[in-house]
Protein chains: 2
Amino acid sequence: MSYDPSAFPPFAVTVDLVVLTVRRHALCALAVRRGEAPFQGRWALPGGFVRPDEDLSQAAARELAEETGLQAHDPSVPVQDNGAHLEQLATYGDPKRDPRMRVVSVAHLALAPDLPAPRAGGDASNARWAPVEELLQQGGYGREGEPVAPLAFDHAQILADGVERARSKIEYSSLATAFCPPEFTVGELRRVYEAVWGVALDPRNFHRKVTGTPGFLVPTGGTTTRQGGRPAQLFRAGGATLLNPPMLRPEV
Amino acid sequence: MSYDPSAFPPFAVTVDLVVLTVRRHALCALAVRRGEAPFQGRWALPGGFVRPDEDLSQAAARELAEETGLQAHDPSVPVQDNGAHLEQLATYGDPKRDPRMRVVSVAHLALAPDLPAPRAGGDASNARWAPVEELLQQGGYGREGEPVAPLAFDHAQILADGVERARSKIEYSSLATAFCPPEFTVGELRRVYEAVWGVALDPRNFHRKVTGTPGFLVPTGGTTTRQGGRPAQLFRAGGATLLNPPMLRPEV
DNA sequence: GATCATAGTCGTCTTCCTGACGATAAACAC
DNA sequence: GTGTTTATCGTCAGGAAGACGACTATGATC
């Protein structure tokens, strides 16, 4: 308390977004290419400055809408329309994390169903869904053998934290349904878990677990065969938010 | 992206601390009395401005040391000495949360063993351990019947979030040992769970659970009778961080 | 010193949940 | 029709937890 509050040091405050989705059986994150220094040309997480009259969650929702067109959900409402789940992740404030000035970034985590190709400022080449595995391998090579530069700033750490949050949160909550379209099958939900955790799950035990948990899934009455094979029942996300007992993640 | 980054709006960034401990079978939080406007004379969480060259966790550790004398732990090291566990909780940035200016507060959660009476600027009357139940009942009456003013700013919300974090985190981690002295008995650890959760636990099942979880507790060889009754084995916290399967919190 | 209260520790039993896995069902491709 | 794919139901064994009985080792009380 020996510090003079009237001479408080000024900070810039930003929000950065970890937007996750599942595409082609892989957990993917939204990345944008930086158009200016520092880290010009490198991939980064979407984000921007918090405006003077904005709450942090408002700023995150605004950035999410700007980058993806998604509306953020009220977290107290079960996921059901095409909105995304949005929650605060953590705050990153290392004095040297931005070489230009002191920037504190409040990272948020968004979970979205599979979306059409992203657009950043209308330019598709400057935004993409990339498998998180690819974004996180620092200085390696992508699946086509091209060199991969690490994410700008401390965004690799932020992304890793967001992925870990998502991985653990689908264990004990119904959040995995945020990755699904409004109506989905048990198999589609299972493939979400498999993609996020990177494991294979037993379809029979998974089916027993999710259909046996009250409030997790609500049958819509319809069926679909879009996955091939025998038609599957369609479900919507039920009202339950917490899974008890949780879905168990298999050993590593 | 239509916002001009060169004209970023200035923010003040602070850290606020939710410091929890267990005293006399009750979960208590550290509160300090505000000496100046706004909310002069009201109780608040300890905190202060982040300095220009400080990381957020450094600022939190500094504030914790200033208020309690506790050293913060490296979170990767098991809790064993008299240091406290310290982790980031969440960030609060409502534009109107501080009437003076735009302040973003990065709240941290600290868990500490029972400590001697706190001192804030050397003045004991301006800092105290108060049961969280008492601090959270807005505008009610304390246990001596005196009127209780709600905490300053949005600190009631921050405290509630911190308590909820602690309650859920002791389910699946060994963090409850952060509330205990370096050596403790199974019964003392059980009373921590009971105080934090506000429930009664079966001593026999609890004993089986904690002693049967590998790496949770390490016997020191000593015994104590400080609780009365039959002497109990003394333990230290083991290396395990995550409890799997978790400790189950009884239904409400 | 006998008795009592208090806390700690060990066991038992039942119930629930999970993992492993066999079997059947209903679509499509050929 | 046959094979392939995915969905769904059923069975069984093992592990963990809740309920609770029984015994142990202290200090307090009479």
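Everything numeric in this text was worked out from a predicted model, so none of it was measured. Letters A, B, ... mirror the listed sequences (proteins, then strands); counts begin at 1.
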For B/R190, answer base if it contacts any base atom (sugar-phosphate contacts may also be present), sugar-phosphate if it contacts only those atoms, and nothing otherwise; contact means non-hydrogen atoms under 4.0 Å. sugar-phosphate
Hey, does the side chain of B/H207 come within less than 4.0 Å of C/dG8's phosphate (OP1/OP2), counting only N and O? no
Closest non-hydrogen contact found for B/L109 with B/R165 is CD2-CG, 3.6 Å
Who passes side chain to side chain donor-acceptor pair (under 3.5 Å) against B/E171, sequence neighbours left out? B/R249
Check every strand shown and say whether A/R191 touches a base, only sugar-phosphate, or nothing at a heavy-atom separation below 4.0 Å. sugar-phosphate
If I take atom CG in residue A/L248 and atom P in nucleotide C/dC16, what distance separates them, rounded to the nearest angstrom? 18 Å
When rounded to the nearest 0.5 Å, the distance separating OG of A/S174 from CG of A/L242 is 8.0 Å
Can you tell me how far C1' of C/dG8 sits from CZ of B/F235, to the nearest Å? 10 Å
From CA spacing to verdict: side-chain contact (heavy atoms from CB on, under 4.5 Å), B/V19, B/E67: CA-CA 10 Å; B/V19 190; B/E67 301 285 347; over 6 Å; no
Given the rule in the side-chain contact (heavy atoms from CB on, under 4.5 Å) test, do A/F235 and A/V210 qualify, once you have shown the distances and angles that lead to the verdict? CA-CA 11 Å; A/F235 295 88; A/V210 296; over 6 Å; no
Any luck finding a side-chain donor-acceptor pair between A/D161 and A/Y92 under 3.5 Å? yes
Within a reach of under 6.0 Å around CD of A/E133, are more than 12 heavy atoms found that belong to other residues, nucleotides or ligands? no
Opening and closing nucleotides of DNA chain D in contact with chain B, under 4.0 Å to non-hydrogen atoms: D/dA16 to D/dT26
Do any pairs count as a side-chain hydrogen bond (donor to acceptor under 3.5 Å, both in side chains) and have a residue in residues 196-205 of chain A, sequence neighbours left out, and if so which ones? A/D202-A/R204, A/N205-A/R208
Nearest-nucleotide comparison on DNA chain C, the residue closer to the 5′ end among B/A232 and B/N205: B/A232
Using heavy atoms to find the nearest nucleotide of DNA chain D for A/R208 and A/T185 separately, return the residue whose nucleotide is more 5′. A/T185
Terminal helix-axis angle for the helix from C/dG1-D/dC30 to C/dC30-D/dG1, with five pairs defining each axis and rounding to 10 degrees: 10°
Taking protein heavy atoms under 4.0 Å as touching, what does nucleotides 22-27 of chain C look like 5' to 3' if B marks base contact, S marks sugar-phosphate-only contact and - marks none? BB-BBS
List for me each residue that meets ring-ring contact (aromatic ring centres under 6.0 Å, His included) alongside B/H108, sequence neighbours excluded, and say none if there are none. none
Could you tell me whether B/R24 sits above the aromatic face of B/W129, with NZ or CZ closer than 6.0 angstrom to the six-membered ring centre and within 45 degrees of the axis? no
With side-chain contact (heavy atoms from CB on, under 4.5 Å) as the test, would you mind laying out the steps for B/F216 and B/K209 before giving the verdict? CA-CA 10 Å; B/F216 193 5; B/K209 173 68 178 173; over 6 Å; no
